[in-house]
Every structure is written in C-alpha cells, then in structure tokens.
Engineer: 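Have a look at this one.
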Amino acid sequence: MLPLLLTLTACGGTSRANGSESGGARGGTDGKGSVTLNVGDQKGGSEAVMRAAGELEDLPYRIQWSTFTSGPPLLEAVNAGAVDVGGVGNTPPVFAAAAHSKFKVIAATHGSSAGETVLVKKDSPLTRPAQLKGKSIAVAQGSSAHYQLVASLKKAGLTPQDVTLNHLQPADALAAFSRGRVDAWAVWDPYTSQALDQTDARILTTGEGVVNGLSFQVAAPAALDDPEKAAALKDYVDRLRRAQDWVHGHPDAWAKAWAAETGLPRDVALAAVKRTRGTAVTVALDPPAVASEQQIADTFAALRLIPGRVDFSSFVDTRFNGSLPPSSTAPRTYDSAGTGSPPGAGGPPHTDSSPGKAG
C-alpha cells in the first residue's frame with residue numbers, strides 16, 4: 001500500500017503533530033538578534049522552501065520552527081500564543097473563527113485548484129459529479145477538500161445529504177479508497193499527485209472554478225501588537241513571497257528539495273509542483289478575498305458544521321498588502337516544457353458566484 005505522508009500541507013483536518021499537546025513538534029532555530037518569531041510549519045512547508053530559496057540567510061531576527069500536521073492544530077497554537085505566525089489553507093481559518101480563536105489573517109497566495117480533486121478508481125462507472133448521488137466519499141472534515149467537495153456537489157445539483165460522507169484523515173482515506181470501502185475520495189495535492197502516480201486512481205472533478213485557491217499566513221494578535229515582532233512579520237512574509245517566486249522559476253530544484261524533505265518520490269513532487277505548488281502567486285487580502293472566505297463560512301454555517309454566522313472580515317489584518325496584486329490575479333502556469341509563466345499570465349481569474357473567488 002502507498003505510504004501517505006501526513007505532515008505535508010496546511011489544508012488538512014484535525015490530526016496533531018507527534019509528541020506535543022499543543023499540536024506542534026519543536027524544531028530548529030535560524031537567524032540572530034533579540035527578536036524571535038515562533039513559526040508554525042508543516043513538513044516540507046515554509047522552512048523547506050525558504051531554505052531552498054536562500055531566504056533564511058542573513059535573518060536579522062530569530063525564527064524558532066514548530067512542525068504541525070495540519071492547519072487546525074497550528075491555529076490552536078496561534079490562539080494559545082505558542083506560535084506567532086504560520087501557514088494554513090482556506091478552510092481551517094473559518095472553523096477557527098467560528099470557535100472565536102485569537103488570530104489574524106495577514107497574507108494570502110492564490111494558486112491553481114487543479115490539485116483539489118475528487119478521485120475515483122480507474123474502473124469506476126462514475127464519469128461526472130452528479131453520479132455521486134447515493135455514493136460514499138472519504139474526506140477530512142474541516143479541510144479545504146471538505147469545502148471543495150461541498151461546492152462540487154452543489155455545482156452538480158447535489159447536497160451533502162445526497163451522499164454518505166466518511167470523515168477520514170488521508171492515511172485512513174487512502175486505505176478505504178484502495179480497498180473499495182468508499183466510492184470516491186476528496187483530497188488535495190500532493191496526495192492527489194501521489195495517488196494518481198501510485199494507485200489506480202483517476203480524477204472525477206477538480207476544484208477549478210468552484211473553490212478560491214487561496215492559502216494564508218495567520219498571525220497572533222499579540223505579535224502584531226508588538227512593533228518589533230510586527231516588523232519581523234513583514235520581513236517574513238516578504239521572504240515567503242520571494243521564495244514562492246523562486247519555486248515557480250525552479251520547479252525541478254524545488255521538487256528535488258521537497259522530495260528529500262518529505263520522502264515523496266521526486267516525480268510525484270514535481271507533478272505536484274507543476275499542478276499546484278508552483279502556481280501560487282502572492283496576492284492582496286482585498287474585499288473579494290474576504291468575501292470568498294465569507295462564502296465558505298456561510299456554507300458551513302448553513303450546513304450546521306459551525307455554530308452560527310462568522311464575520312470573517314474581523315479576522316483579517318491588511319497592513320502587509322502594500323502594492324500586491326488583487327486576489328483575482330490568475331495563478332501561474334507551466335507550459336509543456338515545464339517553463340513557468342509570469343504572475344497573472346495563467347489564464348482568466350476564477351469565475352464563480354462570489355465576488356472574486358469562491359472558497
């Protein structure tokens with residue numbers, strides 16, 4: 001059976017990092033100076049990409065890294081004041097906001113949603129999402145895949161009540177999917193690329209046109225209120241932006257580093273880079289982005305998966321927007337030769353029912 005790497009992404013559900021009640025495993029330290037940023041990360045995430053891109057050199061402050069398995073426990077640590085900043089997907093902040101957690105969204109990227117998929121077996125009779133009615137689907141509750149599934153069902157004229165949802169983390173979902181215990185699996189990259197490469201999976205539908213493709217950096221309000229830490233946070237998100245630019249221009253180098261960091265096969269890592277990871281462009285936290293996240297919150301509230309309405313705008317801090325492009329800026333792309341496009345040249349902005357992008 002395909003070994004699944006559970007610490008790869010901020011999009012996931014509620015599993016915790018090993019050996020820590022707060023959900024994080026303490027890592028190393030970079031930089032020097034009197035100011036220390038406690039940064040929440042995932043295996044193969046911000047630390048790995050910044051190191052590969054050379055953005056951890058000459059840090060005028062210290063970074064203390066902690067590793068988390070997914071966005072929800074990282075947000076719990078931000079709420080507890082154990083982490084100053086960290087990266088998450090588009091859905092965990094909605095659940096954290098509904099729980100009245102203390103955090104602010106301070107930066108965003110917009111990438112391709114082609115890696116957000118509903119997978120079926122190659123020999124499955126299912127050929128379109130409308131045929132999922134009455135079927136069983138594995139998905140991590142509260143993950144970006146959860147919202148992608150809900151939105152894809154809605155687009156097909158279905159509701160979650162029309163299917164049987166099996167709330168499973170990726171390792172358990174893979175086992176259920178591989179053994180035929182579920183008819184489909186809603187998941188995200190790099191699991192999508194891994195499953196396509198190493199199991200008999202095929203894509204039934206993707207998140208393109210139905211989800212917003214946003215990911216975020218979230219910060220503790222106390223860190224934002226500290227002038228020295230706020231200056232370090234500004235520098236940190238700038239370095240992340242430059243590292244993301246480097247990833248897009250060096251997909252093979254990043255795939256090699258990512259594979260070494262996570263244990264992913266290099267060809268799987270490269271496929272995930274070109275499908276998803278290398279397409280992200282740093283964008284502004286503008287009204288359409290906030291409205292898109294509000295749509296996710298309203299959707300989960302209507303499904304009674306979060307308690308009551310959330311005002312997502314109250315969890316956003318736009319001080320680091322600067323001259324960043326709008327959130328509708330199209331993700332980057334790669335041509336058949338693997339050469340990347342400049343930011344915004346990847347096609348038209350997302351189209352959906354919300355202002356900007358859908359979430």
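None of the values given here were measured: they were computed from a predicted structure.
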Engineer: Who pairs with S152 by side-chain hydrogen bond (donor to acceptor under 3.5 Å, both in side chains), at least two apart in sequence or on another chain?
Structural biologist: Q148
Engineer: Treating H110 as the side-chain partner and T329 as the backbone partner, does any N or O pair qualify as donor plus acceptor under 3.5 Å?
Structural biologist: yes
Engineer: Quick check: closest heavy atoms across Y61 and L37, and the distance to 0.1 Å?
Structural biologist: CE1-CD1, 3.9 Å
Engineer: Taking atom CG of L240 and atom CE of M50, what is their separation to the nearest 0.5 Å?
Structural biologist: 4.5 Å
Engineer: Regarding K274 and D189, does a basic nitrogen lie under 4.0 Å from an acidic carboxylate oxygen?
Structural biologist: no
Engineer: Which atom names give the shortest non-hydrogen contact between W188 and A145, and what distance separates them?
Structural biologist: CE3-CB, 3.6 Å
Engineer: Report yes if the distance between the aromatic ring centroids of H250 and W246 is under 6.0 Å, otherwise no.
Structural biologist: yes
Engineer: Give a yes or no answer on whether the side chain of R202 reaches the backbone of S124 with a donor-acceptor pair at less than 3.5 Å.
Structural biologist: yes
Engineer: So does S136 get a backbone contact from the side chain of T164, meaning a donor-acceptor N/O pair under 3.5 Å?
Structural biologist: no
Engineer: Should D238 and K234 count as an ion pair when the cut-off is N to O under 4.0 Å?
Structural biologist: yes
Engineer: Go through D30 and R51 one step at a time and tell me if the salt bridge (charged side-chain N to carboxylate O under 4.0 Å, His left out) criterion holds.
Structural biologist: CA-CA 10 Å; D30 284 284; R51 196 173 304 286; 2.8 Å; yes
Engineer: Drop me the distance from S292's OG to D286's CG, to the nearest 0.5 angstrom.
Structural biologist: 10.0 Å
Engineer: F312: what forms a ring-ring contact (aromatic ring centres under 6.0 Å, His included) with it, not counting sequence neighbours?
Structural biologist: none
Engineer: Within a strict 4.5 Å, meaning less than it, do heavy atoms of the T206 and T192 side chains meet?
Structural biologist: no
Engineer: Can you list every pair that meets side-chain hydrogen bond (donor to acceptor under 3.5 Å, both in side chains) and has a residue in residues 298-308, with sequence neighbours left out?
Structural biologist: Q294-D298
Engineer: Suppose we screen for ring-ring contact (aromatic ring centres under 6.0 Å, His included). Which residues come up paired with F216, at least two apart in sequence or across chains?
Structural biologist: none
Engineer: Taking salt bridge (charged side-chain N to carboxylate O under 4.0 Å, His left out) as the cut-off, I'd like each qualifying pair that reaches into residues 123-144, sequence neighbours left out, listed once.
Structural biologist: none
Engineer: Going by the salt bridge (charged side-chain N to carboxylate O under 4.0 Å, His left out) test, which pairs reach into residues 56-70, not counting sequence neighbours?
Structural biologist: none
Engineer: What residues, two or more places apart in sequence or in another chain, satisfy salt bridge (Lys or Arg N to Asp or Glu O under 4.0 Å) together with K155?
Structural biologist: none
Engineer: Once ring-ring contact (aromatic ring centres under 6.0 Å, His included) is applied, do any residues pair with Y236, and if so which ones, sequence neighbours excluded?
Structural biologist: none
Engineer: Excluding sequence neighbours, so at least two apart, what forms salt bridge (Lys or Arg N to Asp or Glu O under 4.0 Å) with D267?
Structural biologist: none
Engineer: Applying salt bridge (Lys or Arg N to Asp or Glu O under 4.0 Å), can you list everything that pairs with K229, at least two apart in sequence or on another chain?
Structural biologist: D84
Engineer: Counting only N and O atoms by type, is there a donor-acceptor contact under 3.5 Å from the side chain of D162 to the main-chain atoms of T159?
Structural biologist: yes
Engineer: Given side chains that start at C-beta, do those of R266 and W258 come closer than 4.5 Å, heavy atoms only?
Structural biologist: no
Engineer: Report yes or no: does T276 contribute a side-chain atom to a donor-acceptor pair with the main-chain N or O of V273 at less than 3.5 Å?
Structural biologist: no
Engineer: Using modelled atom types only, decide if a donor and an acceptor are shared between the side chain of D226 and the backbone of E228 within a distance under 3.5 Å.
Structural biologist: yes
Engineer: Check the pair S193, R275 against side-chain hydrogen bond (donor to acceptor under 3.5 Å, both in side chains), reporting the backbone distance first and the verdict last.
Structural biologist: CA-CA 8 Å; S193 295; R275 181 182 286 112; 2.4 Å; yes
Engineer: Rest of the hydrophobic cluster containing L126 (Ile/Leu/Val/Met/Phe/Trp/Tyr, side-chain heavy atoms under 4.5 Å)?
Structural biologist: V118, V120, L132, I137, V139, L149, L153, L158, V163, L165, L204
Engineer: Any non-hydrogen side-chain atom of T109 less than 4.5 Å from a side-chain atom of L214?
Structural biologist: no
Engineer: Who passes salt bridge (Lys or Arg N to Asp or Glu O under 4.0 Å) against R242, sequence neighbours left out?
Structural biologist: E55
